[in-house]
Undergrad: 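Can you read through this structure? Questions will come right after.
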Amino acid sequence: MAPAKNHKKKSSLKSSVSSSSIDRGPKRRFQNRLLKWYGEFGRDLPWRRTSDPYRILVSEVMLQQTQVDRVVPKYHEFLGKYPTLLDLAAAKPDDVRKAWYPLGYNVRPYRLHSIACEAVEKYGSTIPRDPAQLQSMKGIGRYTAGAVRSFAFNEDAPILDTNVMRVLHRVFLGNGDPKKKTSRLWAMSEELIPKGKGYDFNQALMDFGAVVCTARKPYCLFCPMRDFCQAFPVEIK
DNA sequence: GTCCGGAAGG
DNA sequence: CCTTCCGGAC
């Protein structure tokens, strides 16, 4: 009788090390395939051709409420009129509201203007990168703060808008109401970012939700995640 | 007509 | 937790 050694556990690394709610395999597959997909199919959008935090902020506030196709022309027009943070801060609020038309949700141009003023007064005419400072400003919630941090400052900061929520919920959770799992999805969004790649990964997430994993009629047959997606195939209504 | 959507305010 | 804001897509 061979005195077999007792291995209680093969590897403590496997399941309990990090408080991760996502398994290694799916996590790495998702990261790799998403970034690959983005390299191939990612969109060329104007705010991806600048590193000016002000311009990225403008784009994010516009995108909060409006689809990309409607934002693009207005983004150029608005920045033609207010090319810098200082230009916007110096403007009259009502002129900013007029420059916003017809994007809708008209409280937002006022807030964007007040953010510009506050940045000039309190933060040395720069957009702050600190999440608490960002979120202290009216008009910047957790999503927009994460977007500014990752897209303007290259930080590995998580984002969660309804697109990202839908994608992560479908791929990793499957059924149920995503809105009831908001805090868990925030944690997942953070956990999934490959170190140092917050910018590309988050941009990729947004594109993927907008192009493949759409709210209605998602393109599951072209989806690189379909072999492990918990929601595949999403029923078409 | 119905759905969609960030942030604020209730 | 729920509603409001505003315009467009379907």
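All chains are named by letter (A, B, ...) in the order of the sequence lines, taking the proteins before the strands, and each is independently numbered beginning at 1.
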Undergrad: Closer than 4.0 angstrom, basic N to acidic O: yes or no for A:K98 and A:D94?
TA: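 Result for this pair is yes, salt bridge flagged.
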
Undergrad: Is the backbone N or O of A:T162 less than 3.5 Å from a side-chain atom of A:K179, with the two atoms forming a donor-acceptor pair by type?
TA: no

Undergrad: Is any side-chain heavy atom of A:R111 closer than 4.5 Å to one of A:Y105?
TA: no

Undergrad: Side chain to side chain donor-acceptor pair (under 3.5 Å) with A:R49: which residues, sequence neighbours excluded?
TA: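 Testing A:R49 for side chain to side chain donor-acceptor pair (under 3.5 Å), a comparison that skips the adjacent residues, returns A:D44.
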
Undergrad: Listing request: all ring-ring contact (aromatic ring centres under 6.0 Å, His included) pairs with a residue in residues 46-74 of chain A, at least two apart in sequence or in separate chains.
TA: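 Residue pairs passing ring-ring contact (aromatic ring centres under 6.0 Å, His included), neighbours aside: A:W47-A:Y75.
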
Undergrad: In whole angstrom, give the distance that lies between atom NZ of A:K179 and atom P of C:dT3.
TA: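 That distance rounds to 11 Å.
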
Undergrad: Starting at NZ of A:K74 and ending at P of C:dG7, how long is that distance when rounded to a whole Å?
TA: 12 Å

Undergrad: All N/O contacts under 3.5 Å from nucleotides 8-10 of chain C to the protein, with atom names and distances to one decimal?
TA:
none

Undergrad: Taking atom CZ of A:R184 as the centre, does the number of heavy atoms from other residues, nucleotides or ligands within less than 6.0 Å exceed 12?
TA: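 No, the 6.0 Å shell around CZ holds no more than 12 heavy atoms from other groups.
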
Undergrad: Please tell me which of A:Q65 and A:R111 maps to the more 5' nucleotide of DNA chain B, matching each residue to the nucleotide holding its nearest heavy atom.
TA: A:Q65

Undergrad: Using a 4.0 Å cut-off on heavy atoms, which residues in residues 143-156 of chain A reach DNA chain B? List them by number, or say none.
TA: A:Y143, A:T144

Undergrad: A:Y105 has an atom OH; how far is it from atom P of C:dC5, in whole Å?
TA: 10 Å

Undergrad: Side-chain contact test, heavy atoms from C-beta onward, threshold under 4.5 Å: evaluate it for A:L79 versus A:T84 and give yes or no.
TA: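 No, every pair of side-chain atoms sits at 4.5 Å or beyond.
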
Undergrad: Check the pair A:F208 / A:Y38 against ring pair (Phe, Tyr, Trp, His ring centres under 6.0 Å), numbers first and verdict last.
TA: CA-CA 8 Å; A:F208 188 71; A:Y38 181 61; over 10 Å; no

Undergrad: Could A:R29 and A:F228 be counted as a cation-pi pair, given that NZ or CZ must be under 6.0 Å from the ring centre and within 45° of the axis?
TA: yes

Undergrad: Counting any heavy atom closer than 4.0 Å, what does A:N163 reach on the DNA or RNA strands: base, sugar-phosphate only, or nothing?
TA: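 Nothing, no heavy atom under 4.0 Å.
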
Undergrad: Over all strands shown, is A:M137 touching base, sugar-phosphate only, or nothing at heavy-atom distances under 4.0 angstrom?
TA: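 Sugar-phosphate, backbone atoms only, no base.
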
Undergrad: Check this for me, if you would: do A:D227 and A:R33 make a salt bridge, where the nitrogen-to-carboxylate-oxygen distance has to be below 4.0 angstrom?
TA: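 Salt bridge present between A:D227 and A:R33.
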
Undergrad: If you look only at pairs with a residue in residues 152-194 of chain A, which of them pass as a ring-ring contact (aromatic ring centres under 6.0 Å, His included), with sequence neighbours excluded?
TA: A:F30-A:F172

Undergrad: For A:Y101 and C:dG7, give me the distance from atom OH to atom C1', rounded to whole Å.
TA: 9 Å

Undergrad: If you pin A:K180 and A:N106 to their nearest nucleotides in DNA chain C, which one's is more 5'?
TA: A:K180

Undergrad: With a 4.0 angstrom cut-off to heavy atoms of chain A, pull out the first and last contacting nucleotide of DNA chain B, in 5'-to-3' order.
TA: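 Here the contact window of chain A covers B:dC3 to B:dG9.
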
